Amino acid sequence: MVRAARSQIGQTVRYDPAYTALDYPMGDVPIAKGVCSDVVIRALRQQSIDLQQLVHQDMKANFSAYPNRWGLKRPDPNIDHRRVPNLEVYFARHGWAAQDGYRAGDIVTWRLAGSGLPHIGIVSDRKHGDIPLIIHNIGAGTREEDILFRHEIVGHFRQPANVAP
């Protein structure tokens, strides 16, 4: 998972939140651009986990369990999996919540200081002192940085043993 996320550094060089029509399943925006969630989506795809399809199927069956922030009347496989609050719901509903320390490959979500905007990243196997680095895209492409405790952590997730690969 960490290698898959790290492989995006230097490839995903822009932050671009534009709505994009995607193939389904396994749709993706061009690798040169994306948002924070795309780092996670792409890393999990390399683990044979397609969040686009999984989130879409879960939202079709349980639409009311997901945030109603965007005024949608039904799931949209082009964007739903790219929205951090939807990923938080999906991970919580499907047993990804982690209760112990931060491990390489864990997924963390935050609300950014000042704006309260949601953000997501992957815990690295590298550290700054005792603090794990995070692989994420917060505005200038995929980076590996010391931001774990810089913002309010609202979610900590780990792939459960019963989920592919």
Side-chain angles (χ1 to χ4, degrees), residues 1-18 20 22 25-55 58 67 79-165:
M1 176 82 160
V2 172
R3 273 188 307 241
R6 190 175 288 127
S7 74
Q8 298 173 54
I9 296 171
Q11 289 194 66
T12 305
V13 295
R14 292 192 334 264
Y15 184 91
D16 185 347
T20 305
L22 303 175
M26 301 295 282
D28 196 4
V29 296
I31 188 68
K33 66 180 186 174
V35 295
C36 58
S37 57
D38 291 315
V39 175
V40 174
I41 291 162
R42 290 171 179 148
L44 284 171
R45 281 225 175 107
Q46 289 190 33
Q47 312 307 306
S48 301
I49 298 170
D50 181 9
L51 282 176
Q52 180 192 28
Q53 185 173 27
L54 292 171
V55 170
D58 197 53
I79 192 68
D80 291 332
H81 65 296
R82 298 181 71 211
R83 292 180 164 148
V84 174
N86 288 344
L87 292 177
E88 291 168 336
V89 170
Y90 178 83
F91 292 145
R93 286 177 45 78
H94 293 275
W96 289 59
Q99 304 301 321
D100 55 354
Y102 298 97
R103 296 184 198 165
D106 283 1
I107 298 167
V108 179
T109 62
W110 301 264
R111 293 302 177 266
L112 299 179
S115 68
L117 291 172
H119 187 59
I120 193 167
I122 297 172
V123 176
S124 174
D125 57 352
R126 297 179 180 159
K127 296 182 177 185
H128 180 257
D130 292 335
I131 308 297
L133 300 179
I134 299 294
I135 304 170
H136 68 130
N137 181 353
I138 201 166
T142 305
R143 304 271 193 265
E144 189 168 19
E145 301 176 307
D146 179 8
I147 67 141
L148 179 59
F149 298 116
R150 194 172 297 166
H151 306 283
E152 176 193 2
I153 296 171
V154 296
H156 178 199
F157 306 101
R158 182 174 300 136
Q159 180 181 332
N162 64 342
V163 174

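Only this structure's heavy atoms are used, side chains among them; waters, hydrogens and symmetry mates stay out. FYI, the numbering just counts along the sequence from 1. Not measured: the values here are computed from a predicted model.
Note: H119 and H136 have perpendicular aromatic rings, judged against thresholds of 30 and 60 degrees for the angle between ring planes.
Across L87 and S37, no two heavy atoms sit closer than the pair CD1-CB, 3.9 Å. In terms of heavy atoms, A5 sits closest to T142 at O-CG2, 4.1 Å. Taking each heavy atom of V29 and L22 in turn, the nearest pair found is N-CD2, 3.8 Å. Among all heavy-atom pairs drawn from G116 and R111, the shortest one is O-CD, 3.2 Å. P17 approaches V35 most closely through the heavy-atom pair CA-CG1, 3.4 Å. When all heavy atoms of A140 and Y15 are compared, the closest pair comes out as N-CB, 4.3 Å.
Under the 4.5 Å side-chain criterion, counting only non-hydrogen atoms from C-beta, R6 is in contact with S124. Counting heavy atoms from C-beta on, the side chains of R83 and P67 never come closer than 4.5 Å. For the pair I120/F91, a side-chain contact is recorded, criterion being any heavy-atom separation below 4.5 Å from C-beta on. Side-chain contact between Y102 and F149 is present, with at least one heavy-atom pair separated by less than 4.5 Å. Under the 4.5 Å side-chain criterion, counting only non-hydrogen atoms from C-beta, I153 is in contact with L148. You'll find the side chain of H94 stays beyond 4.5 Å of the side chain of L54, heavy atoms only.
Within the 3.5 Å criterion, the main-chain N or O of G155 finds a donor-acceptor partner in the side chain of T109. At distances below 3.5 Å, at least one donor-acceptor pair connects side-chain atoms of N86 with backbone N or O atoms of D80. The main-chain N or O of E88 is never found under 3.5 Å from a side-chain atom of W96 such that the two would form a donor-acceptor pair. Between the Q52 side chain and the G27 main chain, a donor and an acceptor come within less than 3.5 Å of each other.
At a cut-off of 3.5 Å, with distance as the only test, a side-chain donor of R42 or T12 sits close to an acceptor on the other residue.
Checked against D38 for a side chain to side chain donor-acceptor pair (under 3.5 Å), the options H81, R82, Q8 give a single hit: R82. Applying side-chain contact (heavy atoms from CB on, under 4.5 Å) to P132 and the options D125, V108, V123, I122 leaves one that passes, V123. When K127, R126, R3 are each tested for a salt bridge (charged side-chain N to carboxylate O under 4.0 Å, His left out) with E144, only one passes: R126.
Here the CZ-CD1 distance, from R143 to I135, works out to 13.0 Å after rounding to the nearest 0.5 Å. From C36, atom SG reaches atom CD1 of I41 across 9.0 Å, with rounding to the nearest 0.5 Å. Interatomic distance, I147 CD1 to L133 CG, rounded to the nearest 0.5 Å: 10.0 Å. Atom-to-atom distance recorded for I138:CD1 and L112:CG is 5.0 Å, nearest 0.5 angstrom.
Judged as a side chain to side chain donor-acceptor pair (under 3.5 Å), and not counting sequence neighbours, the contacts of D100 are R103, R158. Partners of H128 according to the ring-ring contact (aromatic ring centres under 6.0 Å, His included) rule, which considers only residues two or more places apart in sequence or in another chain, do not exist here. Listed by chain and residue number, R45 satisfy the side chain to side chain donor-acceptor pair (under 3.5 Å) test with D50 (two or more places apart in sequence, or in another chain). Take R93 and apply the salt bridge (Lys or Arg N to Asp or Glu O under 4.0 Å) test, not counting sequence neighbours, and it matches D58. Residues satisfying the salt bridge (Lys or Arg N to Asp or Glu O under 4.0 Å) criterion with D146, sequence neighbours excluded, are absent altogether.
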**Request:** Give the C-alpha distance, both sets of side-chain angles, the deciding distance and a yes or no for side chain to side chain contact (heavy atoms under 4.5 Å, CB included) between M1 and L44.
**Result:** CA-CA 7 Å; M1 176 82 160; L44 284 171; 3.6 Å; yes
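Listed by first then second residue, pairs satisfying side-chain hydrogen bond (donor to acceptor under 3.5 Å, both in side chains) with a partner in residues 147-157 read D106-H156, not counting sequence neighbours.
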